[in-house]
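Whatever order the structure lists ligands and atoms in, that order sets their numbers, starting from 1.
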Amino acid sequence: MIRSVVIVGGGTAGWMTASYLKAAFGERVDVTLVESAQVSRIGVGEATFSTLRHFFDYLGLDEAEWLPKCAGGYKLGIRFENWSAPGEYFYHPFERLRVVDGFSLADWWLRLGDRNRPFDRECFVTTALCEAKRSPRMMDGSLFVAGLDGSLGRSTLAEQRAQFPYAYHFDADAVARFLADYAVERGVRHVIDNVAHIGQDERGWISHVRTEAHGDLTGDLFVDCTGFRGLLINQTLGGEFISFQDVLPNNRAVALRVPRDEVTEMNPYTTAAAASAGWIWTIPLFRRNGNGYVYSDEFITPEQAERELREAVAPGRDDLPANHIRMRIGRNQESWINNCVAVGLSSAFVEPLESTGIFFIQHAIEQLVKYFPDERWDPTLRREWNRRVAHAVDGVKEFLVLHYRSARREDTPYWKEAKVRTMPDALAARLELAGSVLLDEETVYPHFHGFEPYSWNTMNLGLGNVPAAPRPALEHIDPAAARAEFARVRADAAAMVAALPSCYEYLAAING
Ligand SMILES: Cc1cc2nc3c(=O)[nH]c(=O)nc-3n(C[C@H](O)[C@H](O)[C@H](O)COP(=O)(O)OP(=O)(O)OC[C@H]3O[C@@H](n4cnc5c(N)ncnc54)[C@H](O)[C@@H]3O)c2cc1C
């Protein structure tokens, strides 16, 4: 039986893993987490994915309890600005497309819609809430979508049947601290120390981690949460890292924390605004914005990036310190080797677009619980975990490459290059198909990676990669039901906007 787990690293990955293992296995498994006081956390990672509610529900944590402690806010989707032309924008919301007579509303929009009106505001309700900066919850705490509220209990990503309508923005450091308290209260041993050496037995399996002041920490299973350095998985076990740089060139970021002057208003969405050599994020937290420029240093220097970021989001605020970050883009060939599992940045990262870093952590931990080994160390469990983790990352990689390939913008060397850079063959085939028809379950990346066909279609349509013509079949179907559905979307949106409080108003209330 595997009785003890040692986690190295106390960033979001380390503390999410520690708290989840405690929630799953309680006292049956001892968990020790060691983190260095000298090596700081990455300190960004503030926008999330709608599936994160499963994680907190699994831990038995109520949103009203943890969200205010983490400077949190709501994210109804991502607003993409300037990806095709200056001033243009669209939303990628957490909302599935409605279906009429077997065809999605996006199909019907291609047939019936006013091409001068953005498709996202015709087909989704959530986009109206974004425009009106509404909270997804009424002042009494109820959700704007019926039937999705209430705790999901110990459910996992696999149980996500309906699309939950929002994710969170939060201070990632505060979340790590909050989860540390949760985990320690439930028995996780917390060691603050530097790991100076990793001990291995004659087979090459990890036997212990040697700390500077607390001696050797031994365990059965070791979890590498040491961030981009991959201290156990790469540096010690020699795990191969597959770079995605050939298709996703952004390898650096510069981040700023910007106090908000206007404190009575808050966007309930992340903004991703295309810039000269990448894109700039704006993540509204309760009292400040997190901003950052993700770029490729093949095209601009860190100094140029910092200047462009400051001009865009904090003009005149040269006092705000900038955090320059080098990113390792790609994934390990195998993130589970012998008795070591890597979770977080030590495992994989595909750049922050679409906010998938924390989602990958959640997915990897859930799968770890499902494929948890015993003393036989059945290699099939390890292989299956590796396969699933790799698929999730590879699917997101494809989806992100689509963003750059489908964007119409071509005004700088960076954006020109984005159109001719190599791309995965499977994606090339998918994009060719998308030039004629919208994608569906059969034609998007075929393994679980968090994104459904509606997301792939929303990005293609929003970025301007629109099928040349509507589906011919729709010529033969009475459009009355589709027209009625478009009218319902408009009516539902108007009713929600009228009924819901502003995002700021609601959060101010739960923040006391
Ligand atoms: C620019 C950028 C933007 C991002 N934006 C998002 C986003 O919007 N949404 C999202 O979901 N994700 C985002 N991410 C990803 C997200 O930040 C990470 O997935 C998440 O923070 C997890 O990081 P981590 O815990 O793996 O690593 P880290 O935060 O780097 O933590 C590493 C830990 O290892 C410890 N450590 C290292 N060496 C030693 C040692 N020798 N001894 C002891 N301890 C050691 C450190 O002390 C630290 O506690 C972003 C990442 C980057 C780079």
Open item on the list: Test of understanding: given a 4.0 Å heavy-atom threshold, classify the contact between Glu46 and ligand 1 as side chain, backbone, both, or neither.
Closed with: backbone
- [ ] Quick one: sort the Phe94 and His92 rings into parallel, tilted or perpendicular, breaks at 30° and 60°.
- [x] tilted
- [ ] Nearest heavy atom to atom 28 (P) of ligand 1 wins, so pick from Ile42, Leu33, Thr356.
- [x] Ile42
Open item on the list: Checking contacts here: is it the side chain or the backbone of Ala253 that comes within 4.0 Å of ligand 1, counting heavy atoms only? Could be both or neither.
Closed with: side chain
- [ ] Indicate the ring-plane relationship of Tyr74 and Tyr166, choosing parallel, tilted or perpendicular according to the 30° and 60° boundaries.
- [x] perpendicular
- [ ] Could you name the option among Gly227, Ala255, Cys225 that has the heavy atom nearest to atom 33 (C) of ligand 1?
- [x] Cys225
Task: Region of Leu231 that comes within reach of ligand 1 [heavy atoms, distance under 4.0 Å] - done: side chain
- [ ] Compute the shortest N/O to N/O distance between Asn194 and ligand 1 and return yes if it is under 3.5 Å, no if not.
- [x] no
- [ ] Look at the aromatic rings of Trp83 and His403 and report parallel, tilted or perpendicular, splitting at 30° and 60°.
- [x] perpendicular
Task: Shortest heavy-atom approach to atom 9 (N) of ligand 1 - which of Ser355, Ala47, Ala172 - done: Ala47
Open item on the list: Quick one: does any side-chain atom of Thr12 pair with a main-chain N or O of Ala176 as donor and acceptor, under 3.5 Å?
Closed with: no
Task: Proximity flag Thr211 to ligand 1, non-hydrogen atoms under 4.0 Å - done: no
Task: Ring-face cation of Lys397 near Phe244 (centre distance under 6.0 Å, axis angle within 45°) - done: yes
Open item on the list: With a 4.0 Å cut-off on N to O distance, would you call Arg41 and Glu35 a salt bridge?
Closed with: yes
- [ ] Mind checking whether Phe349 contacts ligand 1 via backbone (N, CA, C, O), side chain (CB onward), both or neither, at a 4.0 Å heavy-atom cut-off?
- [x] side chain
Open item on the list: Test your reading of the structure: does Ile358 have an N or O sitting under 3.5 Å from an N or O of ligand 1?
Closed with: yes
TODO: Measure the distances from the heavy atoms of Ile361 to every atom of ligand 1 and state whether one is below 4.0 angstrom.
DONE: yes
Task: ligand 1 N/O within reach of Ala13 N/O, cut-off under 3.5 Å - done: yes
TODO: Look at the side chain of Asn194 and the backbone N and O of Ala196, then say whether any donor-acceptor pair between them is shorter than 3.5 Å.
DONE: no
